[in-house]
Amino acid sequence: MMPDKLKSALVIGATGLVGRALLMKIAKAPGYGRIVALSRRPIEDCPGNVDNIVLDFDHLADHAAVFNVDCFFSCLGTTRKQAGSIEAQRVVDYDYQRHAAELARAAGVKHLLLVSSSGADAKSASAYMKMKGELELAVHALNFDKLSILQPSLLVGKREHHRLGESLGESALNWLNALGILKRYRPIAGSQVADALLYLVENQTGASEVYRLDEIFTLT
Ligand SMILES: NC(=O)c1ccc[n+]([C@@H]2O[C@H](COP(=O)([O-])OP(=O)(O)OC[C@H]3O[C@@H](n4cnc5c(N)ncnc54)[C@H](OP(=O)(O)O)[C@@H]3O)[C@@H](O)[C@H]2O)c1
């Protein structure tokens, strides 16, 4: 049976591990009508029912009108290595996502779903954890009707570019987990995080919720 009203969705980060898995699932889900993905390069094999707008994220405001959707999924991110410096990483992980969330709020988005990170903490000594924590605070302050913040640990799945550090981290974590150590940091598949995001659109009852790794595993 078709739902009464089809939802509209906007995804940023849809060429990435979580964002791409999410986009493919939304494109097949019966509950969605208009689906928009903003990316800096064309999405490979983009589903026919997705409007892929290619843009420069320095000029997001030029596209403010497309933020007029029901659910906004923010899955953008980079690594210090890919970005070239911690400052450049912050532009992607903090500035772009904060700006996008502000545009979404101004356009009347009801539900923001943000993929953050375990350990996110605005007071952290780690620049990465600090930027993630600051972003969480910034989006919280925007007062969306609904806010879902997911805090996964190491994300695993097939990536376009191999990340040696993450592969080594995954092996080490799997080994430690097998010994019963560091279980709260066990790796999670990007597609499982995508499933959790879709689940929350339908099932989150609270207005503003933060989901830690253990909880994300249960959101299906
Ligand atoms: N990787 C992990 O183990 C891990 C762990 C915990 C939390 N997280 C967080 O979870 C979120 C999703 O992670 P992920 O691994 O799915 O991310 P990902 O695969 O690295 O994808 C990141 C997305 O951001 C886009 N992006 C990067 N730099 C950009 C720029 N300068 N301008 C526009 N777009 C840009 C990428 O586009 P291109 O494809 O064009 O580069 C891609 O769509 C991120 O916020 C990440 O920090 C990741």
Side-chain angles (χ1 to χ4, degrees), residues 10-25 36-46 50 52-60 62-63 72-101 112-121 124 126-136 138-139 148-174 184-197 210-213 216-217:
L10 176 67
V11 182
I12 59 171
T15 54
L17 186 67
V18 174
R20 182 174 173 84
L22 175 74
L23 189 68
M24 296 303 157
K25 288 172 194 284
V36 183
L38 306 182
S39 55
R40 62 173 166 174
R41 61 189 170 97
I43 296 170
E44 232 175 88
D45 302 322
C46 188
V50 172
N52 179 202
I53 299 172
V54 177
L55 51 77
D56 177 347
F57 277 68
D58 282 332
H59 301 287
L60 268 181
D62 295 349
H63 302 268
F72 171 44
F73 298 91
S74 195
C75 313
L76 213 69
T78 187
T79 60
R80 184 190 305 215
K81 191 172 170 203
Q82 277 176 334
S85 67
I86 196 73
E87 292 77 19
Q89 182 180 16
R90 188 180 166 94
V91 170
V92 178
D93 278 84
Y94 180 83
D95 297 346
Y96 286 165
Q97 292 196 100
R98 179 183 178 157
H99 189 198
L112 168 67
L113 300 102
L114 171 70
V115 182
S116 179
S117 175
S118 62
D121 177 1
S124 176
S126 146
Y128 176 71
M129 294 309 175
K130 187 171 183 308
M131 69 179 85
K132 291 296 192 189
E134 286 176 349
L135 180 64
E136 290 189 4
V139 297
S148 313
I149 296 177
L150 281 70
Q151 297 182 329
S153 61
L154 187 63
L155 293 168
V156 291
K158 200 165 171 291
R159 290 184 180 279
E160 262 180 46
H161 303 289
H162 184 66
R163 293 180 181 174
L164 180 62
E166 290 182 2
S167 302
L168 293 174
E170 183 184 351
S171 308
L173 278 174
N174 284 333
R184 67 193 178 101
Y185 293 114
R186 68 189 191 276
I188 184 165
S191 66
Q192 187 156 6
V193 177
D195 285 335
L197 289 164
V210 177
Y211 299 93
R212 292 175 186 273
L213 179 67
I216 301 174
F217 276 107

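Just follow the structure's listing: the first ligand is 1, and inside any ligand the first atom is 1. Please read these numbers as outputs of a predicted model, since none were measured by experiment. FYI, the numbering just counts along the sequence from 1.
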Do ligand 1 and [X] have nitrogen or oxygen atoms that lie under 3.5 Å from each other?
X      : result
Thr78  : no
Phe57  : no
Gly19  : no
Ser117 : no
Leu154 : no
Lys132 : yes
Leu17  : yes

*For Tyr96, is the NZ or CZ atom of Arg40 found under 6.0 angstrom from the centre of its six-membered ring and inside 45 degrees of the ring axis?*
no
*Regarding Arg90 and the six-membered ring of Tyr94, is the cationic atom NZ or CZ under 6.0 Å from the ring centre and inside 45° of its axis?*
yes
Side-chain donor/acceptor of [X] to backbone N/O of [Y], under 3.5 Å:
X      : Y      : result
Asp121 : Met129 : no
Arg20  : Glu44  : yes
Thr78  : Val92  : no

_Show the nearest heavy-atom pair for residues Thr15 and Ser39, with the distance to one decimal._
CG2-CB, 4.2 Å
*Contact check, Ser116 vs ligand 1, heavy-atom distance below 4.0 Å*: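 In this structure, Ser116 qualifies as a contact of ligand 1 - some heavy atom is under 4.0 Å.
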*Measuring from the heavy atoms of Cys75, does anything fall under 4.0 Å of ligand 1?*
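Heavy atoms of Cys75 do come under 4.0 Å of ligand 1.
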Select one of side chain, backbone, both or neither to describe which atoms of [X] lie under 4.0 Å from any atom of ligand 1, heavy atoms only.
X      : answer
Ile12  : neither
Ser153 : backbone
Gln82  : neither
Tyr94  : neither

_Atom indices of ligand 1 within 4.0 angstrom of Arg41 heavy atoms, with elements_ =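 Those of ligand 1 that fall under 4.0 Å from Arg41 are 38 (P), 39 (O), 40 (O).
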*So, Ser74 versus Gln97: side-chain donor-acceptor pair below 3.5 Å or not?*
yes
*Decide whether Gln89 and Gln82 meet the rule of one side-chain donor and one side-chain acceptor closer than 3.5 Å.*
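Absent: no donor and acceptor within the cut-off.
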*Does a side-chain N-to-carboxylate-O contact under 4.0 Å join Glu136 and Lys132?*
no
*Nearest non-hydrogen atom to atom 37 (O) of ligand 1 belongs to which of Thr15, Val11, Ile188?*
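Result: the heavy atom closest to atom 37 (O) of ligand 1 is in Thr15.
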*Return the option from Val92, Val115, Leu213 holding the heavy atom at the smallest distance from atom 11 (C) of ligand 1.*
Val115
*Can you check whether Phe57 reaches Ile12 side chain to side chain, under 4.5 Å on heavy atoms?*
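Yes, side chains in contact.
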